[in-house]
Amino acid sequence: MEFLLFGQIVFYLAGAILPFILKDGGVINRWTHISAIAGGLIGVVYSLAVLVTGQGFSFAAPGLPFVGNLSLVVDPLSAFFIFVISFLSVPATIFAIRYIQEFQDKKRIAFLGFFYNLFILAMILVVCVHNAFYFLVFWEIMSLASYFLVVFEHEKIQARRAGIIYLVMTHIGTAFIAASFWLLAGHAGSFAFADFHLQAATLPPALKNAIFWTVLIGFGTKAGIIPLHIWLPEAHPQAPSHVSALMSGVMIKTAVYALIRFFLSFVGEVPLWWGVVILSLAIISAVLGILYALMERDLKRLLAFSSIENIGIILLGFGMTLIFVATDKPAYASFALIATLFHVLNHASFKGLLFLGAGAVLSKTHTGNAEELGGLIKRMPWTAVCFLTGAVAISALPPLNGFVSKWMIFCSLLSAHQSQELAVRFFTPILAALLGFAGALAATCFVKAFGICFLGEPRSEQARHAVEVSPSMQWAMGLLAGSCLGFALLAPWIVSILQKVSGTLIEADTPIPNFTFNGLFITLADFGQISPLVFGWMLSGAILILFAALAIFANRKVMLAPSWACGLPGLTARMQYTATGYSKPIRRIFSFLYQPTRQVELEDEGHEILRTAQRFESKTTHVFDEWIYRPLAKCMLFVSKKAKLMQTGHIQLYLSYIFITLIVLLVYWSRL
Amino acid sequence: MSVVGLLCIPFSAAFILLLPWPRKIMRFIFMAGGMLTAASGWTLVFGSHFQPRIFSLGGNLMLDSLSAVFVLLIVTIGVLSNIYASGYLFREGPAELSLGRLRRYAFFFHLFLFTMLVTVLSNNLGLMWIAIEATTLASAFLVNVDDKKSSIEAAWKYLILCTVGIALALFGVILVYYSIASRLPAGEGSDFLQWSFLVDKAAVLDPQIIKLAFIFVLVGYGTKMGLAPFHSWLPDAHSQAPGPVSALLSGVLLSCASVSLLRFHILTKAATGSAFSNDLLILFGIFSVAVAVPFIWEQADYKRVLAYSSVEHMGLVAVGFGFGGLWGIYGALLHVVNHALTKSLLFFCSGHLLYQFQTKEIKKVQGIFRKDPFLGSIFFFAVLAVAGMPPFSIFLSEFFILTAGFLAKKFLVCAILLGLLALIFAGFLRQGSHMTFGAYSGGAPLRERNVLMDGVLAVGIIVIFVMGFYIPGPLHELIRQASLLAGGNTP
Amino acid sequence: MSSESIVHLVHFLGMLLLITSLGIIASPLLSACIRFYAMHSFLLSLITLAIAYNHHLWHLGISALLTFLLKVIAIPQIFFAISRKIGVRKEVESYINIPSSLFLAVILIFVSFYVTAGAKTGSALSSWEFLPIAIATVFLGMLVMTTRKKAITQVLGLLLMENGLFLMGITMTFGMPLLVELGILFDVLVGIIMMGIFIFKIRSAFEGIDVDDMTVLKG
Amino acid sequence: MTKFLLLFFQWLLLVALAPSVSWFIKRMKAASQNRRGPTLVQVYADLIKLFPKEMVVSQTASWIFHVMPFILLASTFVVAALVPVLWTDSFLGFTGDIIVFVYLLGLGRFFLALAALDTGTTFGGMGSSREMALSSLGELALLLAFFSLGVYAHAFSFAGIMTHFAAHGPMEVLFFTNLAFGAILIVTLAETARIPVDNPATHLELTMIHEAMILEYSGKYLALIEWSHQIKQLVFLSLLANLFLPWGIFNVPTTTALGWSVLVYLVKIFFLAFVVGWIEIHSAKLRLFRVPDLFAIAFVLAILSLLGQLMFRG
């Protein structure tokens, strides 16, 4: 199947190069994206084939001196991630064609097409390359390409700023990743993943722990776990929406891929506390991520923060995998891993969908600010349906896919209740409850997002004049919305495929007896089972029956009237609840976290009653920004300013540096 | 092509250029000289079939794989700079340079190439010293082409500080001479300063004295190489020189000093058998990288940013030498090559920028990408490359150097280095993003393009990109042999 | 003379050399500085001559002669010419006053003796005694360079350093190969000429040769 | 087949009985205020009379407004089918686990809150915002209480927990579970919009939570919403009854046992309804931003119950 992989690579490369060959902006736009779609479809085909058959393939090309061959291996784990990337890239690209038509400027489209294709290609290569050096190279190309997509609208200062934060953070992360590779390579004697795996069992504990921390910080930065997340809410909203969809939907998952690869294949036995550390970070990310998302008024920033939450959820699953691996319960471990992977897939589908939805809104209203939206459900009905589907799925409500994977993660957490470790037994239910809490907050957040943006009356002229997006964009969103439902209904089948992936990573001697995925149900022995299909039937059945019953028995007359305004006339759009107002209870309750400040300015004409204007300003604080990163940056600038006093321009001073160093060295020499 | 033959070309070109030629012809001779030098350099290196050592002039000049790498570097960057300068300094128009200045420039340019070639080719430590001093003298006038106040200031500082440094290096040379002369009968006197001879006889040298000599040489050639805290002249000289000269100064001259230091390092290691010189190189290397950080973060002049980045990269080279082993030396030598290519590309870009924007201030340069996408994209990629971003070549050599560090179990050093590199990256990105992106706000109109100048940029970016993925076979073989020579065979 | 007494003579001259270096630091006038430098160089050539005589190394004789011509006659004359031409003020301007310069100088001399004290590996062919003196001379040269304000005095400091190096080359190794030695001298000469040219350039650009004015490039 | 019928019967019982619990509480309150209060028939009549009425729908409303009542009631029906009433099993017993329970409630609430925003009024948004914020906190305490029971019983389904408790004596179990009971009771009060969290009888829009959300509803939709609300209330009471007082539940397949079970169930339910009513009579509505304190108490109770059993059972 190598030729399919090559085919995919060739299509992406072609898509990247075409913009420089073709002349007209529209033609470039079409062909560069068609090329990307073709690449994505090929990726879906061969990765599915690998997943279904469980048979991977590999390819090696001679590489640079010393660092070893450039080997590409598509094993089930890689195939899964290739599937997720390729799968999401197709609708995102379909969406892109019309979405970026507004930038008819040829240069810009070429720029976008080049980096877009490069970005997807780099992601594909990252998840299948099996050599540390090339991994780093592709990893950085991925970051770099996405950086350029983030600064796409570089005339805006925010975009440039976001780009800098993003690239710097990810570069720091890469430094840690590289360090972990060096530590591994120092032990294994080569940069080939195969050798890392072979030498895993003999890794000394101290080295192993060093690797753990470097890997966690390195990939944690990319994944956006709190407190390494600051780049994420800046960068994702700045990119064009279909790119945000890919960044949030799949790029940050490449970090999850790497974590799985490292901890389940490169390090041998896993200490219990690794799992505990990951779980702690995961729950912090999940809860704080969504709490921050709640405070956002900007649709895309809100989605970006919600990605942090979902990474937290994914890592909860992965943390449990490690805990079960450490306590030698392979069956549970593989259940947790399957849950993790399933949530990766699901998050890709609904987060992709939501970003595309946000993009649709943005393209028609030119604002992502919820305070200026409203009433779009009537103007953009299909977008609204799709966005709502995504919102329901991301809030993990049955019967859509988010619920299924979250249920599995709940099960993984709770099935630790028989653990020997008291702490594990005590904390896992609390973590599960906090996960539920995060879920409830997510529901709140997306009620707000959908409710304020799509329901009610439009709050601005742009929103009032919005119209539905073009059919191809609708198709793209529809595809993803369909997948949100489809993944839920097909859940047992998907899970049985994911079992093959986990089988290559977690060696269970016996076939796993504790859970089965046959037919309609996903079952975990101590837990019972769920069947999204049955839920779907039950719910829709109940709805249908009710509907029919009412249609027959109840009065069908409807009278239209203005909304209730306490009996006062003239309810205006400005009297609606705002996004800021909506999150006020949460802001009050968690004021210790947000440190909200408010400022009310009154203007009057001498008399207190004759108010002419009233301004209200409310701000929340991002504690990690304010208390960690900003002081760090300030400190750095301060130190730089002070350090520059070294170089005053006086040649005598420079001479004395040489002079003093020489004397010090001579004294050192005489003491040798 | 013989070693002496190679040296003759730039030397004679320099003096031919002193004759009163008209502008056009002078430009032709200037370019022809550079290309001829390059062609003969390449023939010499690749035609020598990598014989271990070729001696000439009674063993005082030597071409081994180590010097071959640097000859290659000098002639390659030399010809790029030469072509760029043909477009840049010989341009005609209202702001053109006077004929006298051009003549002076052309003369010293070739002389400078000549002295650098002598530096890397000399086997005699005394001759090497003379040549390095001569590079300072030749390039001081190149730094000051336009006789502006700031150029004079920079040239003066350059002259004084480097002369002082190199004087100290002479102290080291004398000590080496002493250590061999005091142990061996005077009969072989003529060979006493020959590096190849000294390395063979390393066992008889007094380790104590060699260490002292190394200290002096480290301070001396370290000054020339731009290691902190001896680097103070570097940002001034590199920022004031015209773009093509800065490219040569930063890309090649520093490298020449580094190879001289490496030769002493090899000698010290052979004579003392200890990690004394390794530790010192690592110490000063790290310090150089650290010193560069604040100056890159808070800098008003983009050429100075590039200059400080040279300090950083020379620090990395020193660290690579210090880590040792095949990875370390190979990485450091590769880094020298990659840095030379990337940094010269950036200095060429700075020439473009100065030409387009008429200012060296970062604050006043914004929206290069809007104004000139060709320049903007090459500049920004080069900035990323120099900050160590793959897929560009500097990443590769930094990767090798740090691998050497991890293999040598110097974890703390590597951790510090990684942190500093990340900070430098941040600084570069901050400056680069500000300059490249954003709206272009009026100012001078786009000046007419020059094919020569643009061509050099395009070639440069392609080369550093390709070398991020692929090291040409002959070059790899050359560097590998050079690093084996430098003791890389021992892990 | 016996070789023994020549060695004593050389040692005595070495001491004088050190004192002359201190003289450069102590003299408040530029002209005195230049004269002290000439005297310093003269002592150096005497030492060279003595060693050449003692060890029958005739190429050292050439060195001595060249030193004499270049450093005792030519360079001081160049200096006088420059200072006349650019009309520099007579007094040496310094960041620190003369007593403290002398105090620092004494400390530096002590340091140079201190660091070389531990490593004595004498041999028949050479003498270690001059190592501290040579290093001290280099140090004092650097002291002049770092504390004096005028460009011209900086060059003087550089030359003092150069003399220290030369002293070391002569006394420890009895001279390097002639070719190298000539090359070095040539370099020094060219260097001085270039610096002279630059001093003129500085004067025309900055209207003075105070290096304090040359602090535009910083940071 | 009998099993299926039985399960269906218990579901039907739950759904049908729901309004009468509201009646009971209303009656209690009326008694405390020296009023007569409605009759049992009245509450059913109140619901039924809404169906033939013409609806008034806001002009701003979209289809969300129209589908919400169906989704709300349908999800409540499914929730009701998850809960064991007379038997240790339930209609959808194969999925009988607590996470689904919580999330199905979440689904209904999600659409309820959306529909509140749909009409573009101030009050809808106000209620929606408050409801979502408070129920998020409630969910935390509720889940943790459930999980602590689950950890104790080594089972994470209602049926499993009940079976486990029923097999043990009251005193043995109560020691560990009373804390969780407290937690779930507090959540019950909040979820069913009762004093001290919300006042179901208020007419002042500014203080409303639940009522504010359905302010625009009338006619048949209002009936569906009201009914689902009542079902939810009974579901919570049934859970309290069957999880914490599982004794007397039907487990032998005889008609007497079934009858006995129905009786015991009714007693337990009305006893709990009495508790809720008693609290309602004897306390005042809390200020909105004091409600989180209440949830904090519930959360702490749940944690203590988890900790307690881990400590004592080792």
Side-chain angles (χ1 to χ4, degrees), chain B residues 60 124-127 129-131 133-134 136-137 140-141 144 147-157 159-160 163-164 166-168 170-171 173-175 177-183 185-186 189-193 206 208-209 211-212 216 235-237 239-240 294-295 298-301 304, chain C residues 57 115-116 118-119 121-126 128 131 134-135 138 141-142 145 151 154-155 157-159 161-162 164-166 168-177 179-184 186-188 190-191 193-195 197-199 201-202 204-206 211 213-219:
Chain B
N60 285 325
N124 185 315
L125 295 181
L127 185 60
W129 183 88
I130 293 169
E133 173 69 12
T136 313
L137 300 177
F141 273 109
N144 171 33
D147 278 340
K148 274 198 301 207
K149 254 183 164 181
S150 53
S151 312
I152 293 175
E153 178 184 337
W156 175 255
K157 286 177 181 170
L159 202 55
I160 291 290
T163 310
V164 166
I166 291 167
L168 293 174
L170 181 60
F171 215 109
V173 175
I174 295 170
L175 281 170
Y177 186 74
Y178 165 74
S179 77
I180 184 105
S182 64
R183 293 298 172 94
S190 63
D191 294 341
F192 275 3
L193 272 179
D206 180 351
Q208 186 73 356
I209 305 229
K211 283 181 187 170
L212 183 62
F216 276 101
D236 296 350
S239 65
Q240 293 307 317
F295 292 93
E298 273 282 311
Q299 189 57 264
D301 178 339
R304 289 181 84 84
Chain C
L57 296 167
V115 295
T116 51
T121 50
S123 86
L125 280 169
S126 59
W128 260 100
L131 181 63
I135 293 183
V138 170
M142 294 196 79
M145 293 190 82
Q154 286 198 320
V155 180
L158 186 64
L159 285 167
M161 278 179 67
E162 204 90 58
L165 294 176
F166 196 79
M168 169 141 155
I170 298 299
T171 55
M172 286 182 69
T173 66
F174 302 138
M176 312 251 262
L179 183 75
V180 174
E181 204 126 306
L182 288 177
I184 292 169
F186 179 70
D187 256 6
V188 170
V190 173
I193 291 170
M194 286 204 34
M195 284 173 196
I197 294 171
F198 268 100
I199 287 176
K201 280 185 190 287
I202 290 170
S204 60
F206 291 84
V211 279
D213 296 337
M214 294 200 289
T215 52
V216 180
L217 304 170
K218 56 176 105 181

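Order of the sequence lines fixes the chain letters, A, B, ..., with proteins taken first and strands second; residue numbering starts at 1 for each chain.
For the residue pair Ala167(B) and Met161(C), the shortest heavy atom distance occurs at CB-CE, 4.1 Å.
Heavy atoms closer than 4.5 Å to chain C are found in the side chain of Gln240(B), but not in its backbone. Both the backbone and the side chain of Phe171(B) have a heavy atom closer than 4.5 Å to some heavy atom of chain C. Within the 4.5 angstrom heavy-atom criterion, only side-chain atoms of Ile197(C), from C-beta onward, approach chain B. Of the atoms belonging to Met142(C), it is side-chain heavy atoms, and not backbone ones, that fall under 4.5 Å from chain B. Using a 4.5 Å cut-off between heavy atoms, Ala140(B) contacts chain C through both its backbone and its side chain. In this structure, no portion of Asp301(B) lies under 4.5 Å from any heavy atom of chain C. Heavy-atom distances place both the backbone and the side chain of Met168(C) under 4.5 Å from chain B.
Not a single ring pair (Phe, Tyr, Trp, His ring centres under 6.0 Å) links Phe166(C) to another residue, sequence neighbours left out. Lys211(B) pairs by the side-chain hydrogen bond (donor to acceptor under 3.5 Å, both in side chains) definition with nothing, not counting sequence neighbours.
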Next on the checklist: Set out, in order, the CA-CA distance, both residues' side-chain angles and the distance that settles side-chain contact (heavy atoms from CB on, under 4.5 Å) for Phe141(B) and Met194(C), then state yes or no.
Outcome noted: CA-CA 9 Å; Phe141(B) 273 109; Met194(C) 286 204 34; 3.4 Å; yes
Next on the checklist: Applying side-chain contact (heavy atoms from CB on, under 4.5 Å) to Leu125(B) and Trp129(B), what does each step give before you reach the verdict?
Outcome noted: CA-CA 6 Å; Leu125(B) 295 181; Trp129(B) 183 88; over 6 Å; no
Checklist entry - Run the salt bridge (charged side-chain N to carboxylate O under 4.0 Å, His left out) check on Asp236(B) and Arg304(B) step by step: do they pass? => result CA-CA 7 Å; Asp236(B) 296 350; Arg304(B) 289 181 84 84; 2.9 Å; yes
Next on the checklist: Using the rule given for side-chain contact (heavy atoms from CB on, under 4.5 Å), can you reason through Leu193(B) versus Ile180(B), listing the C-alpha separation, both sets of side-chain angles and the distance that settles it, and then say yes or no?
Outcome noted: CA-CA 8 Å; Leu193(B) 272 179; Ile180(B) 184 105; over 6 Å; no
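Chosen from Ile199(C), Asp187(C), Val216(C), Ile202(C), the residue pairing most often with chain B at heavy-atom distances under 4.5 Å is Asp187(C). The greatest number of non-hydrogen atom pairs below 4.5 Å with chain B, out of Asp213(C), Leu165(C), Val190(C), is found for Leu165(C). In terms of heavy-atom pairs under 4.5 Å with chain C, the best-connected choice from Glu133(B), Lys157(B), Glu153(B), Gln299(B) is Glu153(B). Most heavy-atom pairs under 4.5 Å with chain C, from the set Leu127(B), Thr136(B), Leu159(B): that is Leu159(B).
Checked against the 6.0 Å centroid criterion, the rings of Phe192(B) and Tyr178(B) do not qualify as a close aromatic pair.
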